[in-house]
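Residue numbers start from 1 in every chain, and the chains themselves are labelled A, B, ... in the order their sequence lines are given, proteins ahead of strands. In this text, all values refer to a predicted model and were calculated from it rather than measured experimentally.
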Amino acid sequence: TRDQNVHDEL
Amino acid sequence: MNIFRLAGDMTHLISVLVLLLKIYATKSCSGISLKTQELYAIVFVTRYLDLFTDFISLYNTVMKLVFIGSSLAIVWCMRYHRVVRRSYDRELDTFRYWILLGVSFILALVLHEKFTLQEVFWAFSIYLEAVAILPQLVLLQRSGNVDNLAGQYVFFLGAYRAFYILNWIYRYLTEQRFTRWISCVSGLVQTALYADFFYYYFISWKNNAKLQLPA
């Protein structure tokens with residue numbers, strides 16, 4: 001899973 | 001991605017398109033606050049610093065480019081387009097937005113997820129977005145009745161963050177490790193700022209009258 005701290009929201 | 005977030009992003013996109021349409025079609029930016037547009041340009045530039053480093057999805061990248069491009073285009077139009085700039089309410093759009101920039105930056109230095117350049121700027125952009133609408137709301141109140149496209153712009157802009165709150169609730173309930181307190185709290189503040197505008201917007205829509213904000 002992508003590490004959580006990447007902001008995937010705009 | 002969930003339906004609330006998609007609805008939020010589409011509503012946000014509509015708000016920007018409504019604004020571009022208003023400025024392009026009427027060649028006028030009366031009733032629009034340049035300061036709010038400049039704050040939004042700063043919000044998108046400081047939030048999407050990871051544009052070239054983290055590829056989330058094509059949708060994510062395209063939307064980031066659209067938001068950055070459209071906000072810069074609107075600012076350019078209102079500042080330099082020889083016809084549009086004449087209709088800018090310079091003497092009404094006097095909100096001292098340096099305060100908003102300063103407070104948001106100091107808050108970001110104190111409250112952030114990680115003390116890295118990207119994360120501090122990300123937190124800064126979240127806080128700044130919560131208050132970026134203030135110059136526009138002040139301008140709407142000063143210019144009294146709102147011409148409908150400016151009102152629609154603010155309406156869609158407020159609605160997008162309300163959808164995002166539903167998105168955060170949904171993600172909190174479905175993803176056990178979802179903790180985006182900075183976004184959630186800031187998003188609640190942002191939507192609350194629109195609350196009174198929504199009230200007057202609804203009243204004017206119900207009475208089918210022009211939107212009159214209390215001076």
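- In this structure, A:H7 and B:N60 have side chains that are not in contact, with every pair of non-hydrogen atoms separated by 4.5 Å or more.
- Identified by a heavy-atom distance below 4.5 Å to chain A, the contributing residues of residues 26-48 of chain B are B:R47, B:Y48, in residue-number order.
- The neighbour count for B:Y24 OH, taken as heavy atoms of other residues, nucleotides or ligands under 6.0 Å away, does not exceed 12.
- Environment of CZ in B:F198: crowded, with over 12 heavy atoms of neighbouring residues, nucleotides or ligands closer than 6.0 Å.
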Worked check of side chain to side chain contact (heavy atoms under 4.5 Å, CB included) between A:E9 and B:R171: CA-CA 12 Å; A:E9 295 183 344; B:R171 291 189 76 174; 2.7 Å; yes
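- Judged as a side chain to side chain donor-acceptor pair (under 3.5 Å), and not counting sequence neighbours, the contacts of B:K22 are B:D147.
- Residues B:H12 and A:L10 form no side-chain contact, since every pair of their non-hydrogen atoms from C-beta on lies 4.5 Å or further apart.
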